[in-house]
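Shown next, in C-alpha cells, is the structure this report addresses.
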Amino acid sequence: MVPIQSSFGLGDALFFVPFVALAVVIFAFAGAVVYLEHRKEMALIESGHYDEVGRDSRAWILGGGLLVLALGLGSVVSAFLSGGAVGDGVTAVFVGLAALAYYFYKRRAVGTTVA
C-alpha cells in the first residue's frame, strides 16, 4: 500500500495569498460602490430631488451589453493567444455591440422627444 503524500507547507499557503487579497479588494470595492450609491440616494431623498431623477429602464441594456461584449472579447483574445479556433466569442461580441447600439439609439430617441 502506498502512503498518501500530502505536505501542505508554507510555500503552498503563500501561493494563495494573492488570490485571497484580490478577492478582498474586489469585495471592498463592491462594498464601497454600494455604500456610495446608498449615500447618493439618501441625499436625493432628503433634498426632495429623488422624484426628478427617475429610473432609467434602459440601464440593464447598457450593463448587459458591456458584460456580453467583455465576455466575447475575452473569449476571442484567449482563442487567439492559445492558437485555437474562435468559438462563440465572436457571437457574444456582436450581441454586446448590438445591445450597446440599441442603448445609444434609444437614449438619442428619448433625448429628442423630451427636449
Side-chain angles (χ1 to χ4, degrees):
M1 180 180 244
V2 177
I4 298 176
Q5 296 179 359
S6 93
S7 62
F8 190 75
L10 183 61
D12 294 332
L14 290 177
F15 173 76
F16 292 106
V17 168
F19 299 111
V20 172
L22 181 65
V24 168
V25 167
I26 289 172
F27 283 126
F29 181 72
V33 168
V34 168
Y35 175 72
L36 291 175
E37 185 68 24
H38 174 71
R39 287 195 50 190
K40 180 183 86 171
E41 288 186 8
M42 290 299 115
L44 285 172
I45 289 171
E46 289 175 1
S47 66
H49 292 85
Y50 190 73
D51 294 336
E52 296 173 10
V53 172
R55 297 271 180 200
D56 188 5
S57 62
R58 299 161 301 163
W60 68 272
I61 295 171
L62 178 62
L66 289 173
L67 179 66
V68 172
L69 180 66
L71 289 173
L73 286 176
S75 175
V76 169
V77 168
S78 67
F80 281 136
L81 291 178
S82 68
V86 178
D88 296 332
V90 176
T91 305
V93 167
F94 285 121
V95 168
L97 288 175
L100 293 176
Y102 174 77
Y103 172 79
F104 288 113
Y105 171 76
K106 290 301 261 184
R107 187 176 91 178
R108 180 175 293 212
V110 169
T112 57
T113 58
V114 171

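The chain is numbered in sequence order, starting from 1. All heavy atoms count here, side chains included; hydrogens, waters and symmetry mates do not.
Connectivity analysis of hydrophobic side chains (ILVMFWY, heavy atoms under 4.5 Å, direct or indirect) links Y35 to L36.
In this view, F19 and F15 satisfy the ring pair (Phe, Tyr, Trp, His ring centres under 6.0 Å) rule, not counting sequence neighbours.
The minimum heavy-atom distance linking G72 with A92 is given by the pair CA-CB, 3.6 Å. Closest approach of L69 and L100 over heavy atoms only: CD2-CD1, 3.7 Å.
Under a hydrophobic clustering in which Ile, Leu, Val, Met, Phe, Trp and Tyr are joined whenever their side-chain heavy atoms come within less than 4.5 Å, directly or via other members, L97 and L66 fall into the same cluster. Note on L67 and L73: separate hydrophobic clusters, where clusters join Ile, Leu, Val, Met, Phe, Trp and Tyr whose side-chain heavy atoms are under 4.5 Å apart, directly or indirectly. Y102 and V93 fall within the same hydrophobic cluster, where Ile, Leu, Val, Met, Phe, Trp and Tyr residues are linked whenever their side-chain heavy atoms come under 4.5 Å apart, directly or through other members.
A distance of 10.0 Å separates CD in E37 from CE in M42, rounded to the nearest 0.5 Å.
For CZ of F94, the number of neighbouring non-hydrogen atoms (other residues, nucleotides, ligands) closer than 6.0 Å is 12 at most.
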